[in-house]
Amino acid sequence: QVQLVESGGGLVQAGGSLRLSCAASGRTFSSYAMGWFRQAPGKEREFVAAVTWSGSSTYYADSVKGRFTISRDNPKRTVYLQMNSLKPEDTAVYYCAARTRLLSPGWASQIYEYDYWGQGTQVSVSS
């Protein structure tokens, strides 16, 4: 069993920044690929960013490229999402997810490729 807890959400003005954190417990963190997803009211949950267990590869949705950065600190068992130049359309609940199995082609952006999920943290961006 893996437990994931997100933090760092809040309300910011357009153009501002937030850093989200996801703390993992229950199993060894270093072997997990990690992802961030978000879901706005009435919308499907969508992919935001992902990183391999070693941090050697990262993936981003087109909508956040150049603005968001995913990183990880394995000794701290934590994954981060640095969000800059925030826009109102970034408003959503952000979820951290972990994949504990070996990677498969196309794993990063697909909800079904992840095994564990956090409860989410709210990000609200005002215009």
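Any value given below was found using the heavy atoms of this structure, including those in side chains, with hydrogens, waters and symmetry copies removed. All figures in this text were calculated on a predicted structure; none of them were measured in a lab.
Between Leu20 and Met83, some side-chain heavy-atom pair lies under the 4.5 Å cut-off. Two residues are said to be in side-chain contact when any heavy atoms from C-beta on lie closer than 4.5 Å; Asp115 and Tyr32 fail this criterion. Using a 4.5 Å heavy-atom cutoff, the side chains of Val123 and Arg38 are not in contact. With a 4.5 Å cut-off on side-chain heavy atoms, Trp53 and Arg99 do not count as touching.
A distance of 11.5 Å separates CD in Gln110 from OG in Ser104, rounded to the nearest 0.5 Å. Note that the CD atom of Glu46 and the CD1 atom of Ile111 stand 9.5 Å from one another [nearest 0.5 Å]. Atoms CG and CZ, from Leu81 and Arg72 in turn, are 13.5 Å apart once rounded to the nearest 0.5 Å. The OG1 atom of Thr69 sits 4.5 Å away from atom OH of Tyr60, with the distance rounded to the nearest 0.5 Å. Put simply, CD on Gln1 and OG1 on Thr100 are 10.0 Å apart, with the number rounded to the nearest 0.5 Å. Here CD of Gln119 is found 11.5 Å from SG of Cys96. Values are rounded to the nearest 0.5 Å.
Between Ile70 and Val79, the closest heavy-atom pair is CG1-CG1, 4.0 Å. Across all their heavy atoms, Ala92 and Ala40 have their closest contact at CB-N, 3.9 Å. Here the closest non-hydrogen pair linking Lys43 and Gln39 is O-NE2, 3.0 Å. Nearest approach of Leu4 to Ala24, heavy atoms of both residues: CD2-CB, 3.7 Å. Of all heavy-atom pairs between Arg67 and Ser63, the closest is NH2-O, 2.9 Å. In plain terms, the two heavy atoms of Glu6 and Gly120 that are nearest each other are OE1-N, 2.9 Å.
Within the 6.0 Å centre-distance limit, the rings of Tyr114 and Phe37 are counted as a close aromatic pair.
Ser56 contributes no side-chain N or O that, together with a main-chain N or O of Ser54, makes up a donor-acceptor pair within less than 3.5 Å. For the pair Ser109 (side chain) and Phe47 (backbone), a donor-acceptor distance under 3.5 Å is absent.
Evaluation of the side-chain contact (heavy atoms from CB on, under 4.5 Å) rule for Ser17 yields Gln82, Asn84 as partners, not counting sequence neighbours. Residues satisfying the ring-ring contact (aromatic ring centres under 6.0 Å, His included) criterion with Tyr59, sequence neighbours excluded, are Trp107. Judged as a side-chain contact (heavy atoms from CB on, under 4.5 Å), and not counting sequence neighbours, the contacts of Ser71 are Tyr80.
With hydrophobic clusters built from ILVMFWY side chains whose heavy atoms lie under 4.5 angstrom apart, Tyr95 does not share a cluster with Met34. Cluster annotation: Trp36 is not connected to Trp117 through the hydrophobic network of ILVMFWY side chains, with a link wherever side-chain heavy atoms come within less than 4.5 Å. Both Val48 and Tyr116 are members of a single hydrophobic cluster when ILVMFWY side chains are connected at heavy-atom separations under 4.5 Å.
Classification of the Tyr94-Phe68 ring pair by plane angle, with boundaries at 30° and 60°, yields tilted.
Between Lys87 and Asp90 there is no salt bridge, since no side-chain N of the basic residue sits under 4.0 Å from a carboxylate O of the acidic one.
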Criterion side-chain contact (heavy atoms from CB on, under 4.5 Å) on Gln122 and Thr91, from CA distance to verdict: CA-CA 8 Å; Gln122 177 71 49; Thr91 295; 4.1 Å; yes
